[in-house]
Amino acid sequence: QEQLVESGGGLVQAGGSLRLSCAASERIFRMYAMGWFRQAPGKERETVAAITRSGLTKYYADSVQGRFTISRDSAKNTLYLQMNSLKPEDTAVYYCAAQQTVTSPTLINLMTKYNYWGQGTQVTVSS
């Protein structure tokens, strides 16, 4: 069964850190790109970070550049998002997703191309 399962969310104070994990089936983990997306209350879902299968190309939204790091562990079929210096505006439900639709490293930030999604994990940053 194809699946993506996120974990690692929680409540943290501003300035703190969290690491999100996304365990994937082997077939999904082999797809061209995987990414992290988030949706805050009352806002549209947005791309946070993405990475190609090779790990050579990464994308970060401007709002998280320098604070978040996306990585993948092929031995564990797991995608990670290390989040440091968290801010209250990072509060959202975080989703991981994968896609094989577009195989261009310049397009891995396009959320609409991702067609395999996890159920999400809540991240709450208190001020």
Side-chain angles (χ1 to χ4, degrees):
Q1 181 177 354
E2 309 297 357
Q3 62 177 1
L4 293 157
V5 181
E6 302 98 333
S7 61
L11 174 64
V12 64
Q13 289 188 334
S17 298
L18 282 175
R19 188 177 78 158
L20 305 184
S21 300
C22 175
S25 63
E26 185 171 1
R27 177 176 173 271
I28 287 182
F29 198 75
R30 289 179 178 177
M31 289 185 175
Y32 181 77
M34 296 185 72
W36 288 98
F37 306 82
R38 67 186 181 187
Q39 187 165 18
K43 295 187 177 181
E44 294 186 352
R45 193 173 297 188
E46 62 177 353
T47 305
V48 175
I51 185 170
T52 53
R53 179 176 56 227
S54 67
L56 294 178
T57 300
K58 299 179 182 180
Y59 165 86
Y60 294 98
D62 290 343
S63 58
V64 306
Q65 181 75 45
R67 299 188 297 122
F68 291 10
T69 302
I70 189 170
S71 62
R72 51 187 289 142
D73 185 336
S74 298
K76 297 181 179 180
N77 290 346
T78 300
L79 180 74
Y80 299 101
L81 185 68
Q82 178 66 44
M83 305 186 294
N84 298 329
S85 302
L86 283 162
K87 304 176 181 180
E89 50 263 44
D90 294 318
T91 295
V93 177
Y94 284 71
Y95 301 88
C96 70
Q99 66 94 358
Q100 186 66 38
T101 307
V102 175
T103 56
S104 170
T106 61
L107 300 177
I108 62 173
N109 61 308
L110 297 183
M111 183 173 59
T112 56
K113 303 302 181 183
Y114 286 76
N115 49 354
Y116 292 88
W117 289 83
Q119 82 290 347
T121 186
Q122 176 71 46
V123 171
T124 303
V125 184
S126 63
S127 57

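Note that these values count all heavy atoms, side chains included, but never hydrogens, waters or copies made by symmetry.
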Within [range] or reaching into it, pairs that qualify as disulfide (SG to SG under 2.5 Å) - sequence neighbours excluded:
range           : value
residues 60-89  : none
residues 30-70  : none
residues 97-127 : none
residues 48-92  : none

List, by chain and number, the other hydrophobic cluster members for L107, where Ile, Leu, Val, Met, Phe, Trp and Tyr join if side-chain heavy atoms come within less than 4.5 Å, directly or indirectly.
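Members alongside L107: V102, L110.
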
Show which residues join V48 in its hydrophobic cluster (side-chain heavy-atom contacts under 4.5 Å, direct or indirect), or state none.
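Other cluster members: L4, V12, L18, L20, I28, F29, M31, M34, W36, I51, Y60, V64, F68, I70, L79, L81, M83, L86, Y94, Y116, V123, V125.
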
Kindly write out the residues that satisfy side chain to side chain donor-acceptor pair (under 3.5 Å) with [X], not counting sequence neighbours, or none if the list is empty.
X    : result
Q99  : none
S126 : none
S127 : none
N115 : none

Ignoring hydrogens and angles, tell me if any N or O in the side chain of [X] forms a donor-acceptor pair with the backbone of [Y] under 3.5 Å.
X   : Y   : answer
Q39 : K43 : yes
E6  : C96 : yes
T52 : T57 : yes

Show the nearest heavy-atom pair for residues A92 and R38, with the distance to one decimal.
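Scanning both residues, the minimum pair turns out to be CB-CB, 3.8 Å.
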
Provide the full list of salt bridge (Lys or Arg N to Asp or Glu O under 4.0 Å) pairs with a residue in residues 53-71, sequence neighbours left out, each pair given once.
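Applying salt bridge (Lys or Arg N to Asp or Glu O under 4.0 Å) to every pair that reaches into residues 53-71, excluding sequence neighbours, yields R67-D90.
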
Test ring pair (Phe, Tyr, Trp, His ring centres under 6.0 Å) applied to F37 - qualifying residues, sequence neighbours left out:
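Testing F37 for ring pair (Phe, Tyr, Trp, His ring centres under 6.0 Å), a comparison that skips the adjacent residues, returns Y114, W117.
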
Does any part of the side chain of Y32, heavy atoms only, come nearer than 4.5 Å to the side chain of I108, both counted from C-beta?
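In short, these two side chains touch, coming nearer than 4.5 Å.
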
